[in-house]
Amino acid sequence: MVDVRPEAIATLDRHGETSIEFEVSTVFDIKLVDGGLGGLLLTERTLDEPWVKDYDAADGGPSGWASRFDVSNWGMFGAYEDVDRIGGAVIAVDTPDLHMLRGRHDLAVLWDLRVVRSSRRSGAGSALFDAAAAWARERGCRALEIETQQVNVSACRFYQRMGCSLAALDRFAYAELPHETQMIWHLELDT
């Protein structure tokens, strides 16, 4: 049984001890249908050569977030099996320098959700997601948004299962990663 508990944002270093690394063995190919006016078609494609994605390697991970952002309004949860921390979630609200919030006070961003590899698909991610949504709702947020990429098929499928809708795609969001497309997932919160 997974136990989700609030944690102090000051313990971001501990949150970073859980690896966010995953193997990319499939990706979503994105095709505009009828020039985009008819919508989008996401097709999962298996890669000939899988590779490993580690978000922390690119940005330094949780230990550097407090030096890049004002995290005083952020929330954090840990997921535990007995005494072992098997994952966590970080939620951002009311952070002026965080572009994803677009200056809105009624929007929260699920900044990070990670579960140790051996506990993935155990329900820990769903429990953390639900705790993050409840935390945002308690702060008067009307929506929760999450960023991922088309190379993280498991995350995309997870957010869809959690009730999120694909809200935006940006093929040019990452100049240093031209083969990755930013995907923004959106969940309306009942307040």
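What you see is a predicted model; the values in this text were computed from it and never measured. The figures that follow rest on heavy atoms only: side chains count, while hydrogens, waters and symmetry mates do not.
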Exercise for the section: Measure across Trp111 and Leu98 and return the closest heavy-atom pair with its distance rounded to 0.1 Å. Expected result: CZ3-CD1, 3.1 Å
Handout entry: Side-chain donor/acceptor of Arg137 to backbone N/O of Asp190, under 3.5 Å
Key = yes
Fill in the blank from the handout: Sorted by chain and residue number, the side-chain contact (heavy atoms from CB on, under 4.5 Å) partners of Glu17 (sequence neighbours excluded) come out as Arg14
Exercise for the section: State, with a plain yes or no, whether a side-chain heavy atom of Glu147 is found less than 4.5 Å away from one of Trp185. Expected result: no
Handout entry: Whether Trp65 and His15 hold their rings parallel, tilted or perpendicular, with breakpoints at 30° and 60°
Key = tilted
Fill in the blank from the handout: dist Asp130:CG -> Trp135:CH2 (nearest 0.5 Å) comes out at 15.5 Å
Fill in the blank from the handout: Residues Asp13 and Ser63: closest non-hydrogen pair is OD1-CB, 2.8 Å
Exercise for the section: Take atom NE2 of His179 as the centre, draw a 6.0 Å sphere, and report whether it contains more than 12 heavy atoms from other residues, nucleotides or ligands. Expected result: yes
Problem - Single-linkage hydrophobic cluster Met100~Trp74, side-chain heavy atoms < 4.5 angstrom - result: yes
Problem - Sidechain-backbone polar pair: Arg114 side chain, Gly87 backbone, donor-acceptor under 3.5 Å - result: no
Handout entry: Val2 side chain near Val4 side chain, heavy-atom distance below 4.5 Å
Key = yes
Exercise for the section: Measure from the side-chain N and O atoms of Asn73 to the backbone N and O of Asp94, and report whether any donor-acceptor pair falls under 3.5 Å. Expected result: yes
Handout entry: Validation row: Tyr174, Gln182 side chains within 4.5 angstrom (heavy atoms)
Key = yes
Completion exercise
Scanning both residues in full, the closest heavy-atom pair of Ser67 with Gly64 reads OG-O, 2.8 Å
Practice task
Give, for atom CE of Met76 and atom CD of Glu7, the distance between the pair rounded to the nearest 0.5 Å.
Solution key: 4.5 Å
Completion exercise
Smallest heavy-atom separation, Leu110 atom then Ala132 atom, equals CD1-CB, 3.9 Å
Handout entry: Side chain to side chain, Arg102 and Leu107, heavy atoms closer than 4.5 Å
Key = yes
Handout entry: With Asp59 via salt bridge (charged side-chain N to carboxylate O under 4.0 Å, His left out) - residues at least two apart
Key = Arg68
Problem - Heavy-atom pair with the smallest gap, counting every atom of Ser19 and Arg120 - result: O-NH2, 3.5 Å
Practice task
Please examine the side chains of Asp29 and Gln150, heavy atoms only from C-beta on, and report whether any two atoms are closer than 4.5 Å.
Solution key: no
Practice task
For the residue pair Leu12 and Val90, establish whether any side-chain heavy-atom pair is separated by less than 4.5 Å.
Solution key: yes
Practice task
Measure across Met183 and Cys156 and return the closest heavy-atom pair with its distance rounded to 0.1 Å.
Solution key: SD-SG, 3.6 Å
Handout entry: Joint hydrophobic cluster, Ile146 plus Val151, side-chain heavy atoms closer than 4.5 Å
Key = no
For a quick test of your reading: what N or O donor-acceptor pairs under 3.5 Å do the side chains of residues 159-168 make, sequence neighbours left out?
none

Using a 3.5 Å cut-off and no angle test, enumerate the donor-acceptor pairs between side-chain atoms of residues 46-54 and protein atoms at least two apart in sequence or in another chain.
from, atom 1, to, atom 2, distance (Å)
Lys53, NZ, Glu180, OE1, 3.0
Lys53, NZ, Glu180, OE2, 2.9
Asp54, OD1, Asp56, N, 3.1

Problem - side-chain contact (heavy atoms from CB on, under 4.5 Å) evaluation trace for Val153 with Glu44 - result: CA-CA 8 Å; Val153 171; Glu44 188 173 354; 3.6 Å; yes
Completion exercise
Here the gap from Leu128 atom CG to Phe77 atom CZ, rounded to the nearest 0.5 Å, amounts to 9.0 Å
Completion exercise
For Asp3, the salt bridge (charged side-chain N to carboxylate O under 4.0 Å, His left out) test, sequence neighbours excluded, returns Arg5
Exercise for the section: Give a yes or no answer on whether the side chain of Ser119 reaches the backbone of Val116 with a donor-acceptor pair at less than 3.5 Å. Expected result: no
Problem - Main-chain N/O of Ala92 paired to Thr95 side chain as donor or acceptor, under 3.5 Å - result: no
Problem - Phe129 side, atom CZ; Leu113 side, atom CG - distance, nearest 0.5 Å - result: 8.5 Å
Fill in the blank from the handout: The side-chain contact (heavy atoms from CB on, under 4.5 Å) partners of Asn152 (sequence neighbours excluded) come to Phe22, Tyr55, Thr148, Ser154, Ala155
Problem - Side chain proximity check, Ile91 to Val109, heavy atoms < 4.5 angstrom - result: no
Practice task
Please tell me if the side chains of Ile30 and Leu169 come closer than 4.5 Å, counting only heavy atoms from C-beta onward.
Solution key: yes
Practice task
Taking atom CZ of Arg171 as the centre, report whether more than 12 heavy atoms of other residues, nucleotides or ligands fall under 6.0 Å from it.
Solution key: no
Problem - Flag, side chain of Asp70 to backbone of Ser72, donor-acceptor distance under 3.5 Å - result: yes
Problem - Arg117 CZ to Ile20 CD1 distance, which is reported to the nearest 0.5 Å - result: 11.5 Å
Handout entry: Thr18 and Val115: CA distance, side-chain angles, deciding distance, side-chain contact (heavy atoms from CB on, under 4.5 Å) verdict
Key = CA-CA 7 Å; Thr18 301; Val115 176; 5.9 Å; no
Handout entry: Sidechain-backbone polar pair: Asp170 side chain, Phe172 backbone, donor-acceptor under 3.5 Å
Key = yes
